[in-house]
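Comments concern the structure below.
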Amino acid sequence: MGTEAIRILAFAQAKELLGFTEKMLFVDRSKTPREIIIGIEPTFFEKIHGARVAIDQRYASWDQPIEEAEEMAIIPPVSGG
């Protein structure tokens with residue numbers, strides 16, 4: 001697996017912390033979403049607890065390689081009232 005571009009989408013608090021809503025990033029396809037996010041913002045998981053990741057519009061594990069994915073979305077927990 002080589003290095004290819006993936007679209008990263010960030011919502012709500014993730015957008016504020018990461019500093020973007022959408023970004024194209026060249027990454028090694030053996031990387032996991034966790035590794036990618038820590039590479040962008042090392043304190044992400046300390047500051048946002050309970051965030052989910054979706055790979056190509058399906059919820060996924062933070063620790064599975066992205067492989068052939070085209071899109072990764074970071075979805076922080078939501079609270080309602």
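All figures in this text were calculated on a predicted structure; none of them were measured in a lab.
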Next item on the list: Kindly indicate whether the side chain of Lys23, heavy atoms from C-beta on, has any atom under 4.5 Å from the side chain of Arg7.
Entry: no
Next item on the list: Indicate yes or no: at least one non-hydrogen side-chain atom of Glu68 is less than 4.5 angstrom from one of Asp56.
Entry: no
Check: Which value, rounded to the nearest 0.5 Å, describes the distance between Arg52 atom CZ and Ile75 atom CD1?
Finding: 7.5 Å
Check: Where do Glu71 and Ile6 come nearest, in terms of heavy atoms and distance?
Finding: N-CG1, 3.8 Å
Next item on the list: Side-chain contact test, heavy atoms from C-beta onward, threshold under 4.5 Å: evaluate it for Leu25 versus Ile40 and give yes or no.
Entry: yes
Check: Within a reach of under 6.0 Å around CD of Glu4, are more than 12 heavy atoms found that belong to other residues, nucleotides or ligands?
Finding: yes
Note to self: Can you give me the closest heavy-atom contact between Asp63 and Arg34, atom names plus distance?
What the structure shows: OD1-NE, 2.7 Å
Margin query: Ignoring hydrogens, what is the shortest heavy-atom contact between Thr32 and Pro65? Give both atom names and the distance.
Written below: CG2-N, 4.0 Å
Checklist line | hydrophobic_cluster_shared for Val27 and Ile55, side chain cutoff 4.5 Å | finding: yes
Check: Rounded to the nearest 0.5 Å, how far does CD of Glu46 lie from CD of Glu41?
Finding: 9.0 Å
Next item on the list: For the residue pair Phe44 and Trp62, categorise the inter-ring angle as parallel (less than 30°), tilted (30 to 60°) or perpendicular (more than 60°).
Entry: tilted
Notebook entry, point to check: Any side-chain heavy atom of Leu9 within less than 4.5 Å of one from Met72?
Noted result: no
Next item on the list: Indicate yes or no: at least one non-hydrogen side-chain atom of Glu35 is less than 4.5 angstrom from one of Ile38.
Entry: no
Check: Would you say the side chain of Ile74 lies within less than 4.5 Å of the side chain of Phe11, judging by non-hydrogen atoms?
Finding: no
Check: Where do Pro33 and Val53 come nearest, in terms of heavy atoms and distance?
Finding: CB-CG2, 3.9 Å
Item checked: Rounded distance [0.5 Å steps], CD1 in Ile66 versus NZ in Lys31 -> 10.0 Å
Margin query: Ignoring hydrogens, what is the shortest heavy-atom contact between His49 and Pro77? Give both atom names and the distance.
Written below: O-CG, 3.2 Å
